[in-house]
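I have placed the structure first, in the form of structure tokens, so that the comments after it can refer back to it.
Lettering follows sequence order; numbering is per chain, from 1.
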2 protein chains.
Amino acid sequence: MVEGDCAEVGDILSRVGDKWTVLVIVALADKPMHFNELKRLIDAISAKMLAATLKALVRDGMVTRHATDDLPPRVSYDLTPLGRNLLLVVRDLALWAVNNRGGIRAARLSYDTANPLARRLIKAG
Amino acid sequence: MVEGDCAEVGDILSRVGDKWTVLVIVALADKPMHFNELKRLIDAISAKMLAATLKALVRDGMVTRHATDDLPPRVSYDLTPLGRNLLLVVRDLALWAVNNRGGIRAARLSYDTANPLARRLIKAG
DNA sequence: CAGAATCCCCCATGATACTG
DNA sequence: CAGTATCATGGGGGATTCTG
């Protein structure tokens with residue numbers, strides 16, 4: 001880790017923390033998927049955000065886009081080795097989240113009962 | 001990993017992806033720090049966001065807050081075991097980011113030269 | 001089917017000023 | 001020093017409509 005990496009690392013971190021990126025990557029874990037397949041699977045996502053997320057992932061080299069020139073068009077998205085690599089790290093993070101959700105929930109509960117009024121002042125509370 | 005964890009995991013993930021949380025956690029890696037110490041170190045952060053981020057971290061059991069009743073007041077923030085645990089996972093993620101920044105940069109460059117106009121249409125482009 | 005274009009809203013964040 | 005209160009804003013994200 002050298003100096004000056006902060007901005008770049010922050011950029012990548014915020015991409016991971018982005019609302020949809022991780023969900024898309026996890027959705028592609030098993031097999032390539034079409035646009036509307038992804039949309040149905042993630043469901044809460046809008047077409048606009050799915051398109052934007054996929055485009056960003058393709059640009060970053062995490063996902064490939066393959067279109068046939070059939071009609072109706074079919075476009076397949078798949079993870080690249082880089083994306084698959086990220087999947088592993090993200091999965092560790094998710095695993096940590098699952099393993100520690102008890103502790104976090106307990107901490108919140110105790111904080112909130114000790115300090116009921118502060119609750120809504122906290123971000124994402 | 002059971003069903004229904006998605007929301008909770010997503011919540012924790014978005015906390016990690018939050019603009020300041022990771023920076024604060026990393027800043028506390030070596031030793032406890034005071035409010036303005038943190039502010040000077042992170043620098044770009046506003047007092048408001050630092051306060052909000054710290055409060056959220058305390059509520060989630062990642063950070064402890066210890067205040068002396070001196071005057072002027074001194075408040076120390078430190079990582080809990082849970083926070084220190086998260087630090088490890090986050091560090092893996094940061095490490096991944098550092099190790100793969102070359103690949104990502106290359107992918108972006110190639111994408112952008114192949115498709116110059118799309119550049120500003122992409123989120124966080 | 002796979003998106004692009006448009007409109008709109010709201011919340012996270014920033015800047016500034018104030019306080020115990 | 002360690003915050004809080006208030007106001008302003010920008011862009012992330014949703015809903016809808018349109019197209020190749």
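Across dT13(C), dC1(C), dA4(C), the shortest atom-to-atom separation from the side chain of Pro73(A) is found for dC1(C). Of all nucleotides listed (dG14(D), dG3(D), dA2(C)), dG3(D) comes nearest to the side chain of Val75(B). With distances taken from any side-chain atom of Asp18(B) to the nucleotides dG14(D), dT13(C), dC1(D), the minimum falls on dT13(C). When each of dG3(D), dA4(C), dA2(C) is scored by its nearest atom to the side-chain atoms of Lys55(A), the top-ranked nucleotide is dA4(C). When distances are taken from the side chain of Arg40(B) to each of dG3(D), dT13(C), dC1(D), the shortest belongs to dC1(D). Among the nucleotides dG13(D), dT13(C), dC1(C), the one closest to the side chain of Met49(A) is dG13(D). Considering only side-chain atoms of Trp20(B), the nucleotide from dC1(C), dT13(C), dC1(D) that sits closest is dT13(C).
When the C1' atom of dA2(C) is taken as reference, atom CG of Asp69(A) falls 14 Å away, rounded to whole Å. Distance Leu54(B) CG to dT13(C) P: 14 Å, rounded to the nearest Å. Distance CD1 (Ile42(B)) to P (dG14(C)): 12 Å, rounded to an integer number of Å.
Closest of all the heavy-atom pairs between Val98(B) and Arg101(B) is O-NH1, 2.8 Å. In this structure, Tyr111(A) and Val58(B) approach most closely via the heavy-atom pair CE1-CG1, 3.8 Å. The nearest pair of heavy atoms linking Leu28(B) to Tyr77(B) is CD2-O, 3.5 Å.
Each of Val24(B), Thr21(B), Leu86(B), Leu54(B) was evaluated against Met62(B); a single residue qualifies, Leu86(B), per the side chain to side chain contact (heavy atoms under 4.5 Å, CB included) test. A side chain to side chain contact (heavy atoms under 4.5 Å, CB included) with Pro32(A) holds for exactly one of Leu79(A), Asp78(A), Val63(A); it is Asp78(A).
Residue contacts for Lys39(B): at a heavy-atom cut-off of 4.0 Å it reaches no nucleic acid atom on any strand shown. The residue Ala47(A) sits apart from the nucleic acid: no heavy atom pair falls under 4.0 Å.
Taking the screw axis at each terminus of the helix from dC1(C)-dG20(D) to dG20(C)-dC1(D) from five consecutive base pairs, the angle between the two is 50° to within rounding of 10 degrees.
In terms of position along DNA chain C, the nucleotide closest to Pro72(A) lies nearer the 5' end than the nucleotide closest to the other residue of the pair Ala51(A) and Pro72(A). Nearer to the 5' terminus of DNA chain D, by closest-nucleotide assignment, is the contact made by Glu37(B) (compared with the other of Lys48(B) and Glu37(B)).
An OP1 or OP2 oxygen of dA2(D) is reached within less than 4.0 angstrom by a side-chain nitrogen or oxygen of His34(B). In this model, the phosphate group of dC1(D) is not approached by any side-chain N or O of Tyr77(B) to a distance below 4.0 Å at OP1 or OP2.
When the shell of 6.0 Å around CG of Asp30(A) is examined, it contains 12 or fewer heavy atoms from other residues, nucleotides or ligands.
Under the 4.5 Å side-chain contact rule for hydrophobic residues, Leu41(B) and Met49(B) share a cluster.
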